[in-house]
2 protein chains.
Amino acid sequence: MYTIAPVAKDVSRFDLTRSVVCRGLSQQAARPLMAISSLHRKAPGEILFAEGDEADSIYEVLRGTVRLYKLLPDGRRLITAFVSAGRLLGLALDDVCVYTAEAITDVTLYRYKRTAFERLVDEVPGLAMRLLAVASDELRTAQERMLLLGRKSATEKVASFLVLMAGQQGSDGAEEVAIPMTRSDIADYLGLTIGTVSRTLTKLIRQGVIAIPTANRIEIRDRDDLEHLAAGETDRDL
Amino acid sequence: MYTIAPVAKDVSRFDLTRSVVCRGLSQQAARPLMAISSLHRKAPGEILFAEGDEADSIYEVLRGTVRLYKLLPDGRRLITAFVSAGRLLGLALDDVCVYTAEAITDVTLYRYKRTAFERLVDEVPGLAMRLLAVASDELRTAQERMLLLGRKSATEKVASFLVLMAGQQGSDGAEEVAIPMTRSDIADYLGLTIGTVSRTLTKLIRQGVIAIPTANRIEIRDRDDLEHLAAGETDRDL
DNA sequence: CGATATCTTGATAAGCATCAATGTGAGTGG
DNA sequence: CCACTCACATTGATGCTTATCAAGATATCG
């Protein structure tokens, strides 16, 4: 991994005042944040931090996708979240990281030193409220995930995942969604196995709900059907 | 439901300066919070707020236990959390409640008007940080729950639940834990069915890990075993 | 003390996991 | 440029875990 000081010339492409943390803050309020930030890159498979590490940084993803996961002693894995451009990670006041963060694709991120960051919470007006909003949002999605993991069928889980991915990519007609993660990642995100994910996708293809031109691109052919499946509203297995 | 103004005489028993929200704040900082709080009681089964309601309040539980849950259209339920004395609920910046909160036992709570509460975030020093700490803690437990719901076996789930309950009740030797919720609640909390919960408890009894004098009290006979089971460290089925 | 909700237990089956084989695609070196 | 390789994905056969449905036991409350 290599670090680029925030004064490096290509940083202009990632204007910090447009970052998630700073959005909504005045230019003046945002400046001290810029001062404690640094730009980083990670290659696929590289680990940003691991469960149990000292939690000393907060990151904002500028480009690429990161997976956050927890492990059981025997290796079972659950991916708690995929974090893509414009989202924060590491936002917690725990001393120790409670999950591992690993790059899926090539990733570019801002890194904020946690100590400096927390000092700013008291100094930068509006920052605390912004962080609360982010945390609140994460809590909301966490509850949605619990419902999914605890009570949805395989079909409903996979459909939910596709709806989520489609939503993040902000399209809405008949559309094609990029899937940067592997089937194994998807399985560990949904609490399924790779076989079940694959079979379920095949079933959705046969039902005409989706199409899969290449393994990493999924075309949504019937968004309504998919959303009904995701919500658990339909006859659970057509 | 009946409301008691905070000046009512029995309020002294629930000194607000010792509340979770105020703990760590100065007396002076805590005062404006007291001004916007009111004391409430709910009977078992009563609903504090329902999913979809306008989110206008934040509650702190003083006595009793509340269940928070989400429903699927066909009635499947997932309990996202049990909230007992000393914990907050409704802490979110969403306009709409994303879950339902319902009293399990007789419950006593403080209620803070959200609008007033949020105004105080900017005025009361340290309050924002306290709320961030609470949110951060909830996020941590939410991730633990996801791992449980997505990747743990029935035995591991039930053992985890018992360890959690024992921990909340702050005992640590050989001990008896009060279980205020029904088997159905436990099932919906763990993503299981009532039958599986009951069977798993019976299995733990046969293994000598626990004993159940009455349905609502569980005695932990081998805390180490139980914790190993909960962590997923043991031969998954003895 | 009877009525009703809750809990336990049993028989059966559905859903998903497991394990293994095959298929596919991207990158590599001959 | 093509065969090779390796990682990833799909598919199939089978079995385990847990759900489902139903009956019986226990507890709780008026």
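Scope of the values below: all heavy atoms of this structure, side chains included, with no hydrogens, waters or symmetry mates. Convention: sequence-line order gives letters A, B, ...; per-chain numbering from 1. Since we're looking at a predicted model, the values are computed, not measured.
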Given [options], identify the nucleotide with an atom nearest to the side chain of [X].
X	options	result
B:T193	C:dT8, C:dC7, D:dT20	D:dT20
A:A215	D:dT18, D:dA9, D:dG12	D:dA9
A:I212	D:dT10, C:dC7, C:dC16	D:dT10

In whole angstrom, give the distance that lies between atom [atom1] of [X] and atom [atom2] of [N].
X	N	atom1	atom2	answer
B:R183	D:dA19	CZ	P	16 Å
A:R151	C:dC16	CZ	C1'	16 Å
A:L190	C:dG15	CG	P	18 Å
B:L78	D:dA19	CG	P	13 Å
A:R199	C:dT18	CZ	P	12 Å
A:K157	C:dA17	NZ	P	7 Å
B:N216	D:dT28	CG	P	7 Å
B:D185	C:dC7	CG	P	8 Å

A:T196 side-chain N/O to C:dA17 phosphate OP1/OP2 under 4.0 Å: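 For C:dA17, OP1/OP2 do have a side-chain N/O of A:T196 under 4.0 Å.
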
Presence of A:S153 side-chain N/O under 4.0 Å of C:dG15 phosphate oxygens OP1/OP2: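 No, A:S153 has no side-chain N/O under 4.0 Å of OP1/OP2 on C:dG15.
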
Pair A:R77 + A:D185, salt bridge at N-O below 4.0 Å: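 Yes, charged N to carboxylate O under 4.0 Å.
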
A:R145 to A:Y189 six-membered ring, cation-pi geometry met (6.0 Å, 45°):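 Yes.
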
Could you check whether [X] gets within reach of a base, just the sugar-phosphate, or nothing at all, counting any heavy atom under 4.0 Å?
X	answer
A:L201	nothing
A:T182	sugar-phosphate
B:T214	nothing

A:S198-A:R183 side chain donor-acceptor pair, cut-off 3.5 Å: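 The criterion, which ignores hydrogens and geometry beyond distance, is not satisfied for A:R183 and A:S198.
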
5' precedence on DNA chain C between A:P213 and A:I194 (nearest-nucleotide basis):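 Of the two residues, A:I194 wins.
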
Salt bridge (charged side-chain N to carboxylate O under 4.0 Å, His left out) partner of A:E102, the single match among A:K70, A:R67, A:K42: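 Of all the options given, the one that passes is A:R67.
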
Test item: B:R111 and B:S37 side chains (from C-beta on) under 4.5 Å apart, heavy atoms: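 Side chain of B:R111 against side chain of B:S37, heavy atoms only: no contact under 4.5 Å found.
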
